[in-house]
Undergrad: 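Before I ask anything, let me first share the structure, which is written out below as structure tokens.
A, B, ... follow the sequence lines: proteins, then strands. Residue 1 opens every chain.
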Number of protein chains: 2
Amino acid sequence: MDEMTYEGVAPEELPLFRGLPVSRRTDLMRHAMVHSVSSGTVLFEQGEVPNFQLIVLAGSAQLFGRSAGGREVLIEAVRAPDLVIPAAVLTGAPYLMQARVPEPSRFLLIHAAAFRAAVEEEPLLAHAAIGSLAAQFRRMVRQIKNLKLRNSTERVGCYLLALSKRQGTPDRAVLPFEKTLIASELGITRESFSRALSSLGKSGIRVDGQTIEILDAARVAAACAPDPLIDGTDGEGFAV
Amino acid sequence: MDEMTYEGVAPEELPLFRGLPVSRRTDLMRHAMVHSVSSGTVLFEQGEVPNFQLIVLAGSAQLFGRSAGGREVLIEAVRAPDLVIPAAVLTGAPYLMQARVPEPSRFLLIHAAAFRAAVEEEPLLAHAAIGSLAAQFRRMVRQIKNLKLRNSTERVGCYLLALSKRQGTPDRAVLPFEKTLIASELGITRESFSRALSSLGKSGIRVDGQTIEILDAARVAAACAPDPLIDGTDGEGFAV
DNA sequence: GGCATGCCTTGATTTGAATCAATGCCAGAT
DNA sequence: ATCTGGCATTGATTCAAATCAAGGCATGCC
């Protein structure tokens with residue numbers, strides 16, 4: 001299929017809404033709309049107070065942290081289906097990150113007040129919000145451990161191993177976005193990322209554009225000490 | 001008062017339980033117990049599956065991340081009254097951090113399954129859990145921004161400014177624990193922390209043991225570029 | 001007292017990563 | 001086909017922070 005721009009779920013099919021009383025769902029949908037946005041769109045800026053709970057129906061959003069000096073780093077990518085920073089929306093606190101869209105994507109926007117009210121009253125929604133919040137919290141903890149306990153080469157190596165595992169291809173990994181972005185996600189410069197990749201060459205890694213061949217995963221693991229409590233994912237305990 | 005070892009709230013007075021149907025509260029308390037623990041106690045290890053939701057009634061808990069190599073860093077301190085990593089308990093996923101107690105403290109322990117069930121069914125509890133999760137998520141995001149966007153001296157300077165503000169003493173800050181620990185929280189070595197403090201001397205800071213005099217907060221701020229979206233706290237939106 | 005022990009500071013040195021700079025390599029536009 | 005702009009690599013160099021090493025200053029203990 002070409003024009004696969006808009007894959008993903010229809011709003012009514014969201015696991016988030018599964019099992020919800022029909023009245024509740026229609027009520028929520030009255031305070032909601034679907035937005036299709038093109039690559040590059042800024043969804044919100046850091047410092048803004050949330051107006052909507054955004055839900056990724058298709059595509060993804062990238063969350064950036066920016067310093068006063070204008071330097072910008074990728075903190076997280078949110079993929080469909082998930083909530084975009086429920087922590088800010090549910091507390092009504094200003095966003096700590098900017099959200100941008102790296103590919104054509106579709107979002108469900110629910111007015112913040114309506115979403116908060118619905119979560120307060122509806123245990124199933126609360127459950128979904130808790131699942132999303134918990135998963136996001138744990139991703140942040142993993143990232144902090146990664147930053148504090150590993151050097152840059154280890155971070156890169158473990159990133160590749162985790163990626164290949166997630167993609168189901170033990171002998172290679174395809175980078176999901178530009179190397180510069182990945183570098184900032186890993187807390188290093190693009191140059192250091194490039195050097196880390198080439199220094200992993202002696203552990204059995206070959207770089208070909210966005211594709212990284214992993215010739216000897218065991219050797220990479222020996223060099224980088226992957227750890228399920230840092231690199232793992234929690235699986236789909238709570239779908240949204 | 002001497003013997004102020006056990007300050008803090010009584011379990012029945014927890015905001016968490018405020019407004020809860022009495023039946024629910026007694027039901028929860030049947031699955032709960034209060035534990036008073038001495039300094040140094042390990043509450044749980046990273047990798048363990050949670051048995052209890054721990055709630056800090058008095059004192060605090062420190063959360064550490066450990067690498068395979070045995071290196072250990074402070075990730076967060078949880079102070080009364082708050083939940084200790086609801087993210088792990090509510091998802092049933094293994095702890096990503098070890099919890100230790102740095103001072104005599106008192107905890108309420110609620111059996112994990114009972115706590116999960118209660119949160120599922122009781123909107124008020126769900127609300128409290130969401131508030132705690134959201135606040136903790138945001139603290140992690142701030143920490144990541146701090147690590148990725150600042151150098152070590154900036155981190156130390158902003159830490160001191162935030163501390164003095166939190167303590168209500170604009171002209172000084174009292175370090176809440178050993179410098180080695182704070183250093184690991186800030187992602188640097190104790191030596192670098194010490195050097196950062198002395199290099200902040202030329203911005204108007206004097207070190208006297210655990211007390212740091214801030215002679216000229218404006219100059220420190222100029223050197224370290226504090227940012228409410230990194231150093232701020234969200235206030236007590238959701239008390240637990 | 002004297003002497004461990006733990007925590008911190010300071011200095012010397014090394015090292016990992018950032019920065020600076022140049023070049024290469026596309027994909028898309030003309 | 002040639003130009004162009006964005007991204008990536010590579011090398012040279014600088015710089016920040018870690019590491020290594022020594023000493024200081026408490027506190028508690030015998």
Undergrad: Let me know the distance between CG of A:L175 and C1' of D:dA8, rounded to the nearest Å.
TA: 12 Å

Undergrad: Take atom CD1 of A:I188 and atom P of D:dC15, then tell me their distance rounded to the nearest Å.
TA: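 Value for this atom pair: 21 Å.
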
Undergrad: What residues, two or more places apart in sequence or in another chain, satisfy side-chain hydrogen bond (donor to acceptor under 3.5 Å, both in side chains) together with A:K179?
TA: none

Undergrad: Whole Å only: how far is the CD atom of A:E154 from the P atom of D:dA18?
TA: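 Between P of D:dA18 and CD of A:E154: 15 Å.
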
Undergrad: What is the separation between atom CD on B:Q210 and atom P on C:dT9, rounded to the nearest whole Å?
TA: 9 Å

Undergrad: Tell me every residue that passes side-chain hydrogen bond (donor to acceptor under 3.5 Å, both in side chains) with A:E178, counting only those two or more places apart in sequence or in another chain.
TA: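 Partners of A:E178 by the side-chain hydrogen bond (donor to acceptor under 3.5 Å, both in side chains) criterion come out as none, since no residue qualifies.
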
Undergrad: Rounded to the nearest Å, what distance is computed from the CZ atom of residue A:R206 to the P atom of nucleotide D:dT9?
TA: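 Value for this atom pair: 15 Å.
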
Undergrad: So A:L197 and A:S194, do their side chains get closer than 4.5 Å, heavy atoms only?
TA: no

Undergrad: When you measure from every atom of DNA chain C, which of residues 178-186 of chain B have a heavy atom less than 4.0 Å away?
TA: B:E178, B:K179, B:T180

Undergrad: Nearest whole Å is fine: how far is C:dA17 C1' from A:N151 CG?
TA: 10 Å

Undergrad: What residues form a side-chain hydrogen bond (donor to acceptor under 3.5 Å, both in side chains) with B:Q46, not counting sequence neighbours?
TA: A:K145

Undergrad: Identify every side-chain donor-acceptor pair in residues 131-141 of chain A under 3.5 Å, counting partners at least two apart or on other chains, and give the distances.
TA:
residue : atom : partner : partner atom : Å
A:S132  : OG   : A:D82   : OD1          : 3.0
A:S132  : OG   : A:Q136  : NE2          : 3.2
A:Q136  : NE2  : A:L83   : O            : 3.0
A:R138  : NE   : A:D234  : OD2          : 2.5
A:R138  : NH1  : B:P94   : O            : 2.9
A:R138  : NH2  : A:D234  : OD1          : 3.3
A:R138  : NH2  : B:P94   : O            : 3.0
A:R139  : NE   : A:E76   : OE2          : 2.3
A:R139  : NH2  : A:E76   : OE2          : 2.7

Undergrad: Just distance, no hydrogens or angles: give the donor-acceptor pairs under 3.5 Å from side chains in residues 198-205 of chain A, sequence neighbours left out.
TA:
residue : atom : partner : partner atom : Å
A:S198  : OG   : A:R195  : O            : 3.1
A:S199  : OG   : A:A196  : O            : 3.3
A:K202  : NZ   : A:S199  : O            : 3.1

Undergrad: Within this structure, what is the CG-to-C1' distance between B:D208 and D:dA26, rounded to whole angstrom?
TA: 13 Å

Undergrad: Does OP1 or OP2 of C:dC8 have a side-chain N or O of B:S194 closer than 4.0 Å?
TA: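 No, outside the criterion.
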
Undergrad: Check whether A:T211 reaches the backbone of A:G209 with its side chain - one donor and one acceptor, N or O, closer than 3.5 Å.
TA: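 Not a single qualifying donor-acceptor pair exists.
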
Undergrad: Round to the nearest Å and state the distance from B:L149 atom CG to D:dA16 atom C1'.
TA: 17 Å

Undergrad: Going by ring-ring contact (aromatic ring centres under 6.0 Å, His included), name the pairs with one or both residues in residues 146-195 of chain B, residues two or more places apart or in two chains.
TA: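 Found none.
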
Undergrad: Could you list all the ring-ring contact (aromatic ring centres under 6.0 Å, His included) pairs where at least one residue sits in residues 37-72 of chain B, not counting sequence neighbours?
TA: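 ring-ring contact (aromatic ring centres under 6.0 Å, His included) check on residues 37-72 of chain B returns B:F44-B:Y95, B:F52-B:H111.
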
Undergrad: Could you go over nucleotides 19-23 of chain D and give all protein N or O partners under 3.5 Å, atom names and distances?
TA:
residue : atom : partner : partner atom : Å
D:dT19  : O4   : B:R195  : NH2          : 2.7
D:dC20  : N4   : B:E191  : OE2          : 3.3

